[in-house]
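Take a look at the structure below.
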Protein chains: 2
Amino acid sequence: MNLKMLAAHLGLSQTTVSRALNGYPEVSEETRKRVTEAARELNYSPNARAKGLATGRAMAIGHVIPISTQHEIVNPVFGDFVAGASEAYLKAGYDMTLSLTGDEDEAQNYRRLKAKGNVDGIILHGPKMKDARIPFLTGLKMPFVVHGRASELDQPYCWVDVDNAGAFRRATNFLLDLGHRRIGLINGLEFMDFAHRRREGYEEALAARGLAPDPALGRSGEMTEPYGYLAAHDMLALADPPTAFLTASLITAIGVRRAIHETGREMGRDVSVVTYDDDLSYLSNGRDVPIFTAIRSSVRDAGRITAEMLLRHVATPALPPETTLLEAQLIIGGSTGPAPAKH
Amino acid sequence: MNLKMLAAHLGLSQTTVSRALNGYPEVSEETRKRVTEAARELNYSPNARAKGLATGRAMAIGHVIPISTQHEIVNPVFGDFVAGASEAYLKAGYDMTLSLTGDEDEAQNYRRLKAKGNVDGIILHGPKMKDARIPFLTGLKMPFVVHGRASELDQPYCWVDVDNAGAFRRATNFLLDLGHRRIGLINGLEFMDFAHRRREGYEEALAARGLAPDPALGRSGEMTEPYGYLAAHDMLALADPPTAFLTASLITAIGVRRAIHETGREMGRDVSVVTYDDDLSYLSNGRDVPIFTAIRSSVRDAGRITAEMLLRHVATPALPPETTLLEAQLIIGGSTGPAPAKH
DNA sequence: CTTGACACCCGAAGCGCTTTGGACTCGCAG
DNA sequence: CTGCGAGTCCAAAGCGCTTCGGGTGTCAAG
């Protein structure tokens, strides 16, 4: 079933049928009705490739995920982000294509992506500090939005990011207010921009109270459960162990909890934990009473917002770069309490 | 940069250039070299849409994920599956497009997907028991492979699945061998086919020893941490509590562990836990010594295998349906031990 | 009666590629 | 010298759609 057949079936020209279906005004309401009805009946829907060729728009957005030979791989956040973005695409009639690429010849990859022409815009995931992809994409003249930001790049570009520094500053302050002075930071990989900013927030909060960060209380790594366990395990074994932890993800926090229990301490009483929580659909932090005190920001919402921004820029390429900074909420759960009195 | 310009630049016809680039024999090796070099230099890569139009192949695979209004949403397994599938696509030069669809007018969705013509094949996720999409897709004459299976459908189709029943039979037997008699099953949603089969395996193993499943020890739900916690919490509060749990995912198992600790018991001594483990990249079950005894099967491998099967069928549509049953490994970790003696 | 204006519709070109059906040039056997 | 196959290359059609640049026919205004 294609346009030609449909047109023949209706005794109309392809032109008219095409216009009728695409809502152009130079076609009578009556024939438009006839056409749309016939289209539905015969299960006609236009061939996207042909349409794309003719219009120059692919009606699709590309998500590029670096899948480096180290183990970053697809991270748990991705599913929810995509779900959010999909909401936006669904409404706008856009498709989504995924490219997991090794990060060898990045430049070539993006250039090809553009030349192949099956996406109208790109969402960039997992920006590193001064990420080289950003200036490159800017030069490519293809609309893109970064999920996150890249520090130390002053060139303007579109991004949607959580205020990571602010979130960790608040979390740190919260713990400081509870009397904690030795706060372990169990961070993500710090060449990733978000993790870098989180450490900044943490250190700023400490500095504001005249405290210097203890290197023994800072750890950076991939945010798995065993990593959280190990990091907490080691720090708790110190002569002067931390009374509180700040972790970068719920999964890591779960590992921290395991380590705390294993040493016979109790979370929320002997040791406090505040975690960042991406509010993932399958990793809920409890219902009414959150298990962990957390700084929470829905990555699914971020996905929707990022996609909407991109679609705006695809529709109007002349738009100046736009940015959105999302604020994370601090929600109080059962994992925090006043610092235990020293004895 | 397109074919026409490249041809002009080389003083050749589009035909010859196209053939040179696509490895056809009716072009001299010398000109082929000239052409490929010029193509690389000028950063030419063919427009995928035009190519698709001309060849009738989209060089892309569609993943359709039901995103129902209930809360299944994108599940944590998805990211790893996609990473595996990408390996196969990358090698074969295929792209991947994602469609998250509401499950209202499924039939219409798939029909449109085919008519739009930007995928050559489909991977079906999350099959339910006697899933209606399977007969429908068969009728559509578009190659597809199901990740999982649908019980109570005797029609042939391509699938890649883990032997869920076998895995849970083995896990149950393992616990029975350790002397456990009251084994709680904390399962996924049982209208999903995989969860249904897991229960079957569990019940078969019990039946083989003349045990009847206690309804109070069976629970079905979305595999979140709080769900695992709640289920275990409730069962442990029974007059005759279970001495072991069988859980459907690592995340759920983590909730179970929390419940066990909360009642002052110790996992692996007072209460045993065996979990299903999808071997997710970001949710590792410990390194050398696994935290949980688990039945493990890499969902990432499954993704690769499924994609490879689909590509085979896209290349040769006449191939008869093919199936692959993956066996899960039983790996022993610290979460299991002999049933505590009754007193 | 002619002229625009308007509403409606159509033919055909063109998007960038592949592929069919030749065309041309050699070299070699007849 | 002719014929013929092999080796190279090309022109043009076609994939399914949009869209430009007209074409009708009707009707009110001039």
Side-chain angles (χ1 to χ4, degrees), chain A residues 1-36 38-39 42-60 93-95 111-120, chain B residues 1-36 38-39 42-60 93-95 111-120:
Chain A
M1 219 337 102
N2 57 19
L3 227 210
K4 205 204 279 194
M5 293 167 70
L6 184 70
H9 177 87
L10 283 160
L12 288 169
S13 74
Q14 295 190 37
T15 309
T16 306
V17 175
S18 167
R19 286 185 165 147
L21 292 175
N22 291 314
Y24 283 76
E26 50 278 74
V27 51
S28 74
E29 274 316 310
E30 194 205 1
T31 47
R32 190 192 303 283
K33 229 183 70 186
R34 263 182 68 217
V35 170
T36 48
L42 302 180
N43 272 319
Y44 169 76
S45 54
N47 181 301
R49 284 193 309 253
K51 195 165 183 160
L53 236 204
T55 56
R57 335 196 60 176
M59 298 302 284
Y94 270 71
D95 285 333
R111 213 179 283 119
R112 202 169 326 168
L113 196 60
K114 172 163 193 189
K116 280 174 65 173
N118 37 21
V119 303
D120 296 324
Chain B
M1 218 341 99
N2 56 21
L3 226 210
K4 206 206 278 193
M5 293 167 69
L6 183 71
H9 177 87
L10 283 161
L12 288 169
S13 75
Q14 295 190 37
T15 309
T16 307
V17 176
S18 167
R19 284 185 169 149
L21 292 174
N22 291 314
Y24 282 76
E26 50 281 74
V27 52
S28 74
E29 273 316 310
E30 193 204 2
T31 48
R32 190 193 304 284
K33 227 182 72 185
R34 264 182 70 216
V35 170
T36 48
L42 301 180
N43 272 320
Y44 168 76
S45 54
N47 181 300
R49 283 193 310 255
K51 195 164 183 162
L53 237 203
T55 56
R57 334 197 61 175
M59 296 303 285
Y94 270 70
D95 285 334
R111 214 179 281 118
R112 203 169 325 166
L113 195 60
K114 169 160 195 188
K116 281 174 64 174
N118 37 22
V119 302
D120 296 324

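Chain letters run A, B, ... following the sequence lines, proteins first and then strands; every chain starts at 1.
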Rounding to a whole Å, what distance do you find between [X]:[atom1] and [N]:[atom2]?
{"X": "K4(A)", "N": "dG14(D)", "atom1": "NZ", "atom2": "C1'", "value": "9 Å"}
{"X": "Y44(B)", "N": "dG16(C)", "atom1": "OH", "atom2": "C1'", "value": "7 Å"}
{"X": "N47(B)", "N": "dG14(C)", "atom1": "CG", "atom2": "P", "value": "18 Å"}
{"X": "L3(B)", "N": "dC17(C)", "atom1": "CG", "atom2": "C1'", "value": "6 Å"}
{"X": "E30(B)", "N": "dC9(D)", "atom1": "CD", "atom2": "P", "value": "8 Å"}
{"X": "K51(A)", "N": "dC15(D)", "atom1": "NZ", "atom2": "C1'", "value": "17 Å"}
{"X": "E26(A)", "N": "dA5(C)", "atom1": "CD", "atom2": "P", "value": "18 Å"}
{"X": "E29(B)", "N": "dT8(D)", "atom1": "CD", "atom2": "P", "value": "9 Å"}

Presence of donor-acceptor pair under 3.5 Å, side chain of T15(B) and base of dT19(C):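 Check passes, donor-acceptor contact within cut-off.
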Look at [X] and [N] and indicate whether a side-chain polar atom (N or O) is within less than 4.0 Å of OP1 or OP2.
{"X": "S18(A)", "N": "dT18(D)", "value": "yes"}
{"X": "T55(A)", "N": "dC17(D)", "value": "no"}
{"X": "Y24(B)", "N": "dT18(C)", "value": "no"}

Given DNA chain D, 5'-ward residue of the pair R32(B) and L53(B), judged by closest heavy atom: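 Checking each residue's closest nucleotide, the 5'-ward one belongs to R32(B).
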5' precedence on DNA chain D between T16(A) and P25(B) (nearest-nucleotide basis):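 Mapping each residue to its closest nucleotide by heavy atoms, the 5'-most match is P25(B).
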Touch class at under 4.0 angstrom, heavy-atom based, for R19(A) against every strand present: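 It contacts base atoms.
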Check whether any side-chain heavy atom of [X] lies under 4.5 Å from a side-chain heavy atom of [Y], and answer yes or no.
{"X": "D95(A)", "Y": "K116(B)", "answer": "yes"}
{"X": "T36(A)", "Y": "L21(A)", "answer": "yes"}
{"X": "N22(A)", "Y": "S18(A)", "answer": "yes"}
{"X": "K51(B)", "Y": "M59(B)", "answer": "no"}

Selection from dG11(C), dG16(C), dC17(D) that lies nearest to any side-chain heavy atom of Q14(A):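 Selected nucleotide (nearest to the side chain): dC17(D).
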Nucleotide of dC17(D), dG16(C), dC9(D) approaching T31(B) most closely (side-chain heavy atoms):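 Of the options given, the side chain of T31(B) lies nearest dC9(D).
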Main-chain N/O of Y24(B) paired to R32(B) side chain as donor or acceptor, under 3.5 Å: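 Yes; at least one donor-acceptor contact below 3.5 Å.
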